**Student:** 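First, the structure itself, so that you have it in front of you.
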Amino acid sequence: MTFQSYEYLFVFLPVVFILYTLVRKNAFAANTVICLAGLIFYGMSGWHFLFFLMASALLDFWLGKKIASCEEQDKRKRWLIISCVFNVGMLSLVKYSPWITGNLNDLMRWSGFSDHAVLMAMPMVPGISFYTFQTLSYTIDIYKREEHPRRNLMTYMSFVSFFPHLVAGPIMRSRNLLPQLEKVRPSVTWEQAAPAIFLIIWGVFKKLVLADNFGDIVNNANLNDAGAGLIFAYAFAMQVYCDFSAYTDVARGTARLFKVELNVNFLTPYFSQNPSEFWRRWHITLSTWVRDYVYIPLGGNRGGARQTMRNVIITMFLCGLWHGAGTNYIVWGLWHGALLALYYRYPLDEMLKRKFGSRLGQPLAMILMFQLVCIGWIFFRGESWQQIWQAFYSIGEIFRGEPLGAFTQMLYMLALFALPVFLTDYLGWKRGTEYPELYTLMPTWLKTAHYVVMFYLLIFLGKRLSNDFIYFQF
Amino acid sequence: MTSFISSFKPLLIALCIILAVEAASHLVPVPQRYNSDLLTLAPQQKERVTNIFLIEKMNTLANMPARFLQFGDSSGFYGLKPEIVTQRVKGEWLNFGCCARMGFGGYRTYAAEVLKHQRAAGGNPTFMVINITPYYAATREFEESELPEALHLAYGQPWRYESWLAGWRLSFTNWLYLGKPVDEFLDQRTDKYWSGDFSNMRPELDRLNQTHGWMERPGPAKPITMDECVFPVDEERLEWYARRQPQLLLRRELNETANFAKTQGLTLVLLFNPVPCEAERSDSAATLQREIEAFKAEWPDVIVPVDFIRRYPPELFKDIWHLNVVGAERNSREIAEALVKAGVR
């Protein structure tokens with residue numbers, strides 16, 4: 001079941017909401033509804049996937065108690081290591097074993113050792129990267145004495161399986177989500193429900209009309225055409241942003257109906273002037289997770305410049321690996337690591353602002369940063385190294401003066417869908433928030449216009465047989 | 001209540017506006033035309049010719065009351081001429097045959113929609129005909145196509161919207177995507193089965209009405225190689241199915257289809273297209289034949305008037321799946337005779 005499906009919007013969500021509202025005053029019953037809803041929501045993509053979810057959740061629930069009840073540092077550390085090894089091990093087994101064994105086979109074949117190696121095939125478990133990181137942060141925070149273990153399994157399970165963010169985030173820390181779920185929450189008021197519903201509709205609109213159309217531009221780009229690589233990169237930049245942030249919008253809007261506030265995951269990222277700002281605006285819950293649990297434990301910026309850059313590169317390497325089993329994801333992570341290191345040493349945005357003044361320097365820094373991010377997206381999206389190379393080659397052809405035949409038509413399509421993204425993000429950026437959060441500030445006629453326009457654009461341009469959300473695979 | 005109205009005022013006004021626009025646009029008759037890639041509504045993707053056939057047949061044939069409703073893959077679409085069959089059996093025969101990638105699930109969804117149209121038009125169909133080629137029966141991939149899902153979205157759910165994009169809406173979509181504000185199917189080069197664009201396809205589609213859904217297989221005949229004769233069955237998978245499932249995929253799908261026909265009050269007729277070469281030599285042919293025999297034993301009311309494998313000379317084919325016009329005529333005569341022999345008059 002996906003967020004953009006009728007089953008979710010018109011059956012699952014209303015039924016769960018009604019059930020929750022009926023039992024809301026009893027925290028245990030309310031969390032039971034949320035927990036069961038989450039398990040059903042998740043199980044509908046494959047009931048056997050529940051095994052992975054339950055294994056990670058239950059083990060960390062138990063380990064959290066063990067860590068908290070123990071005073072000996074060595075033992076605490078041992079329990080934590082078990083949690084880390086289990087979660088990372090399970091994640092690696094599911095996500096990386098086919099890739100690792102595949103590469104090993106290639107290596108063995110290449111070295112003439114054997115051509116009959118075994119390839120491990122594991123099913124893709126939706127959202128495993130998200131919930132393992134959540135349960136892992138629970139045990140780590142208990143170990144760091146920043147969190148206390150929960151006695152009530154149902155409350156804890158509702159934190160892990162809270163369906164709005166279960167499959168593709170935002171990655172919530174237990175200290176942010178559990179306190180909200182533990183207490184009896186007042187029911188959502190009409191004033192609060194209206195913007196929440198707008199957020200859900202906005203997310204569905206962004207997914208079906210914008211992300212999926214960008215997706216078609218990406219899929220249709222013939223990289224043998226001069227300049228098509230540029231369209232490919234720009235369109236994918238828009239697709240992945242609209243797709244992922246749409247999921248977050250629906251997740252946040254849904255959570256608000258249950259009086260739960262999920263963390264912001266995107267904040268107009270393409271208006272960033274430098275890589276560190278980009279990572280403060282892009283997939284914020286992942287970047288803060290790796291900052292707190294990888295970068296800072298590695299030493300952060302406490303050493304010299306060289307150590308800081310090393311830590312950044314390692315962190316971004318792991319961030320790339322988190323996204324998927326493939327050298328392209330690793331290169332994407334390393335590319336961002338290199339950008340962070342480069343800007344750390346040479347703050348190009350500052351240099352531009354000094355040279356051209358803030359008025360011109362700031363947009364120039366943003367444009368430069370966007371181009372650098374798009375180069376990264378080519379690695380991220382490329383289905384093979386040949387395709388990645390073709391994309392770069394096709395961009396190079398623009399500068400060699402090759403005729404840009406299909407480029408103009410593709411550029412039109414790109415501009416058609418990119419314009420609303422740019423405009424809405426610009427308005428959000430000016431006010432330091434996301435566009436749908438401006439809903440409460442809009443006059444009635446503008447809100448009405450939004451609903452009517454979104455409805456008709458969904459009819460005119462929305463892709464009926466929608467693509468899956470990109471981040472489901474991670 | 002006041003709080004509800006003030007909070008949801010914009011949404012309520014928007015709903016009123018949408019209702020008003022929709023009511024107004026329904027007062028104005030609009031032609032049922034295509035949008036790009038109608039079933040998946042992906043205007044940037046090229047249309048699949050099979051989708052066009054599905055929509056066209058639904059629009060032009062479904063409201064004609066008939067006794068026989070034929071569904072199935074393209075072998076029946078091009079291989080069975082209703083006008084010839086109905087010279088021997090009574091009643092109208094409508095050929096809704098289309099394409100293998102619909103899968104049996106797609107046939108049933110589509111059939112359910114056709115039946116709704118039939119009953120609304122006062123028709124009372126008696127027979128649901130499934131016509132497939134043995135090569136399709138041997139496939140393992142009935143469920144892997146996305147077309148059944150698209151069909152379900154278009155026809156099989158209460159919030160279906162096959163008529164949403166017509167008239168002025170389509171003009172707008174076409175204008176936005178292609179710069180041409182017309183409510184017509186535009187420059188869709190379709191897929192490999194059709195050369196040329198819609199302009200030379202329209203007359204062919206218009207003839208479907210007269211031929212009750214039959215059409216000559218377009219394109220030149222392809223030479224038939226002996227390799228193609230063998231059923232494309234992955235023996236390993238066949239064994240896997242045999243071990244894990246009490247029935248092969250084909251039989252399970254046939255069972256479901258027979259169940260569907262029964263619940264609709266129809267008699268199922270199962271037909272197989274002829275083959276141009278020694279398909280019976282395929283290792284899996286015997287297995288499939290056994291499965292069909294088992295199915296027949298389980299469903300004695302189902303009519304299977306012709307053999308699973310019937311060989312015709314290769315010159316009567318366009319390719320291993322599809323008959324040419326002469327082949328289609330011979331096949332239609334044989335089917336008619338077989339039906340009469342089976343007691344269908």
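All values below come from the heavy atoms of this structure, side chains included, with hydrogens, waters and symmetry mates left out. So you know, we letter chains A, B, ... as the sequences are listed, proteins then strands, and number each from 1. Being a predicted model, the structure only gives us computed values, none of them experimental.
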**Student:** Decide if atom CZ of A:Arg431 counts as having more than 12 heavy atoms of other residues, nucleotides or ligands within a radius under 6.0 Å.
**Tutor:** no

**Student:** Evaluate the criterion side-chain contact (heavy atoms from CB on, under 4.5 Å) for residue pair B:Leu15 and A:Phe455; output intermediate values, then yes/no.
**Tutor:** CA-CA 9 Å; B:Leu15 286 174; A:Phe455 175 81; over 6 Å; no

**Student:** Can you name the closest pair of heavy atoms from B:Ser7 and A:Tyr439 and give their distance?
**Tutor:** O-OH, 4.5 Å

**Student:** Roughly how far, to the nearest 0.5 Å, is the CZ atom of B:Phe8 from the OH atom of A:Tyr451?
**Tutor:** 7.0 Å

**Student:** Contact part of A:Ile197 toward chain B, heavy-atom cut-off under 4.5 Å: side chain, backbone, both or neither?
**Tutor:** side chain

**Student:** Determine the minimum heavy-atom distance between A:Thr448 and B:Ala14, stating which atoms define it.
**Tutor:** CG2-N, 3.6 Å

**Student:** Hey, mind stepping through A:Trp445 and B:Ile13 against side-chain contact (heavy atoms from CB on, under 4.5 Å) and telling me if it holds?
**Tutor:** CA-CA 9 Å; A:Trp445 71 266; B:Ile13 298 173; over 6 Å; no

**Student:** Measure A:Ala449 against the heavy atoms of chain B and call it side chain, backbone, both or neither at under 4.5 Å.
**Tutor:** neither

